[in-house]
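The model shown is predicted, which means the values in this text are computed figures rather than measured ones.
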Amino acid sequence: MVAAMASTAEPSSSPYSASAPDVEILRSLRRLARDLAAADPPAPFLRAVFASVSRRARLLVAVFDDLLLLGAAVALPRSASLCLREVLLVLQRFKAVVADCSARSRMRLLLQSDEVAARVRELQHDLATLLDILPVGELGLADDVADLLTLASRQCRRRAPEAAAEQELKASVLALIQEVEREIVPERERLEAILEEVAINDPASCSQEIEILEREIGDRLAERWTSAMIALVGLLRYAKCVLFSAATPRPLDSKVEADDDDTEPLAPPPDFRCPISLDLMRDPVVSASGQTYDRESITRWFGAGKSTCPKTGQVLTNLELVPNKALKNLISRWCRENGVAMEGSEPGKPEPAPPVAANKAAVEAARMTASFLVKKLSASFSPGSDNRVVHEIRLLAKSGSESRAFIGEAGAVPLLVPLLNSEDAALQLNSVTALLNLSILDANKKRIMHADGAVAALCEVMGSGATWRAKENAAATVLSLSAVHTYRRRLGRNPLVIEKVVLLVRTGPPSTKKDALAALLCLSAERENVGKLTAAAVLASLAKRGGAEAIVNIDGAVAKLVAEMRRGTEWSRECAAAALVLLCRRAGAAAASQVLAINGVEWAIWELMGSGSERARRKAASLGRTCRRWAAANAAQNADCPTSTVSTATVAAS
């Protein structure tokens, strides 16, 4: 009912306009009074407060019905018309209070219940004053209708008794927070009773409450209660696992089916893509030109010394960025509806700092939740139960560094690794994503790398995972693990890791290729890995930019690429040719001189043009043209020095 009230709000122009007809004012008054009379209380503990509003509104509905009958035939007296317009404003404020309270989290509403009750009392007093000065005698109302106005005014002035139950519930919640701070585990029955009183009685309502609370904390909507709200988020996560874990619904992003090789993840709408990166915007901001970009992309643009709008070319008067909250809300909704991750930290990078640091109660609640979930997972023998628990671990691991540490310390990693081989697509996805979220913490990187069969299981997911999302997250986990020098070397030495990541580069959809290429670029930073990775690593540098010169400076890298172009598989020859073209374009003479100095390179180019794939022939021809141009330019500058062992006629033929 409240949603309906919000959606039927009238434009501010017609009811408030001085020229609006009296009949229109009366219709608006009746409509508002009916809405208020039928509105449900925003929360059970505020039932008494809003029930009084509903009773007054029902009395006014009868009055406005009678006035409409009179007003349709005769114009209202001016004093009455003006007074009723003021009544309309008060009813609009009542409606706004109902809508605002309904949009708040239940816990925040409980913490601020005193303020809400005071606001309602203030509006009732204003309404009583207006009803008292309304010239009832000039309206020609029937006696019984006039009595209703008098009754409504008297009820508005009546002070409601203090809500003892509401204050007791609020005190119970605050006491529970203090107990958690002292590391006292809440009693199940007590926790269940408190949540029942605020109408949080199933996993869906609990998840929604957590989401709304987190948004309110981020928007700093209640500074006085921020600390308590942060603690309540942790407490609700714990309650969700303890009270509702047996009935946790499978979330939208876990409703997956085995993907076909040709299936690609859902592409975001064009308006949700950043004009710079063309990726889904995670933090949209508006520049001085009025164009919207993802914060990371436009910040990088400004960091490169540019002060123009990337889309319009306009010189910006300033480099200030304003958050586009409306668009971010739309993107968040689209992500939720389509099972797309929205706010996860980029693998291998520290997560953004939370708007407010976690407090003692929130930290202890996270520790209790992690311990409970890991114990439950270790005792579970059902794939369905496993999936629900792993999904909660995945969500908890996303919530902050402390939670990741607690999950790792509780022993989750060895329990998650075997689940990567599950035939249940949702369980596999939740397991690999949980490991990805955990791997952001360095201590958990060590736990994953030392867990029996962890690397092999990640390779298995990359090679034959049930969904592209699972394969992508497995590659992202490899990228995250590769951030540590020792693990980067170990992973690069593993031929299975290289094989599976390259397979994703070759066959995956765009989003999967991006993570796989990033992983290969990271692995290629190790000199001893270059022999296995050169072609793919340079392709990765093409995606990430700036890596060509580093590859050229590695001893023997170019020579190995040429050897691969000559003797490798069809795919590796194609990649090697593409990599050499890129090196020559990006690194210039440093790369071209090395290519031309290798004996037999002309034969390798000619042979690939004749027997390679279509893309390989195209890259070989491009490499030949590049070498020819460089040789000609070098010869013009220094005619006395031979520039290449490649014959001009041979290269020209390519």
Side-chain angles (χ1 to χ4, degrees), residues 1-42 46 49-103 116 119-158 160:
M1 183 62 210
V2 173
M5 289 176 61
S7 65
T8 58
E10 302 135 337
S12 60
S13 57
S14 59
Y16 304 122
S17 172
S19 61
D22 290 338
V23 172
E24 189 61 37
I25 296 297
L26 289 171
R27 285 175 182 155
S28 297
L29 283 166
R30 182 175 61 180
R31 188 160 53 246
L32 277 171
R34 285 178 174 174
D35 286 347
L36 290 170
D40 295 324
L46 288 176
V49 173
F50 285 92
S52 65
V53 175
S54 180
R55 287 194 298 271
R56 282 42 153 187
R58 281 195 292 271
L59 294 175
L60 293 177
V61 169
V63 175
F64 297 142
D65 282 338
D66 200 65
L67 282 173
L68 267 172
L69 293 175
L70 295 173
V74 181
L76 295 175
R78 177 170 174 75
S79 58
S81 177
L82 292 174
C83 189
L84 289 173
R85 291 169 194 270
E86 292 299 319
V87 171
L88 178 64
L89 290 172
V90 173
L91 294 186
Q92 285 280 10
R93 294 190 187 109
F94 268 121
K95 181 176 178 179
V97 170
V98 175
D100 175 60
C101 290
S102 299
V116 172
R119 178 61 176 151
V120 170
R121 285 196 299 270
E122 179 186 341
L123 288 174
Q124 293 202 63
H125 183 272
D126 292 344
L127 180 59
T129 302
L130 290 170
L131 295 180
D132 286 345
I133 65 174
L134 184 66
V136 178
E138 299 178 18
L139 294 175
L141 292 172
D143 290 342
D144 58 338
V145 177
D147 289 343
L148 290 177
L149 275 175
T150 304
L151 178 60
S153 174
R154 190 182 305 121
Q155 288 185 353
C156 285
R157 291 195 182 281
R158 186 184 303 157

*Enter the distance from L82:CG to I25:CD1 here, rounded to the nearest 0.5 Å.*
10.0 Å
_Using the rule side chain to side chain contact (heavy atoms under 4.5 Å, CB included), only one of V53, D126, L32 pairs with F94; which is it?_
V53
*Quick one: are V87 and F64 in side-chain contact, heavy atoms under 4.5 Å?*
yes
*With sequence neighbours left out, write down each residue that passes side-chain contact (heavy atoms from CB on, under 4.5 Å) with P135, or none if nothing qualifies.*
S79, A80, E138
_Going by side-chain contact (heavy atoms from CB on, under 4.5 Å), name the residues that satisfy it together with C83, two or more places apart in sequence or in a different chain._
L130, I133, L134
*Note, E24 side chain near R27 side chain (heavy atom, < 4.5 Å)*: yes
_Separation between CG of L26 and CG of L67, rounded to the nearest 0.5 Å_ = 5.5 Å
*Excluding sequence neighbours, so at least two apart, what forms side-chain contact (heavy atoms from CB on, under 4.5 Å) with V97?*
F50, C101, R119, V120, L123
*Counting only heavy atoms not in R157, do more than 12 fall under 6.0 Å of its CZ?*
yes
*Hey, are D65 and R34 close enough for a salt bridge, meaning a charged N less than 4.0 Å from a carboxylate O?*
yes
In a table with atom names and distances, give each donor-acceptor pair under 3.5 Å that connects a side chain of residues 145-153 to protein atoms at least two apart or in another chain.
unit_1 : atom_1 : unit_2 : atom_2 : d
T150   : OG1    : A146   : O      : 3.2
S153   : OG     : D132   : OD1    : 2.5

*When rounded to the nearest 0.5 angstrom, what distance separates OG in S52 from CZ in R158?*
10.0 Å
_If we ignore hydrogens and angles and just use 3.5 Å, is the side chain of R56 paired with the main-chain N or O of Q155 as donor and acceptor?_
yes
*asked:* A side-chain contact here means heavy atoms from C-beta on lying under 4.5 Å apart; do L131 and L60 qualify?
replied: yes
*Using the test side chain to side chain donor-acceptor pair (under 3.5 Å), find all partners of R55 that sit at least two apart in sequence or belong to another chain.*
none
*Taking the side chain from S81 and the backbone from P77, do they hold a donor-acceptor pair closer than 3.5 Å?*
no
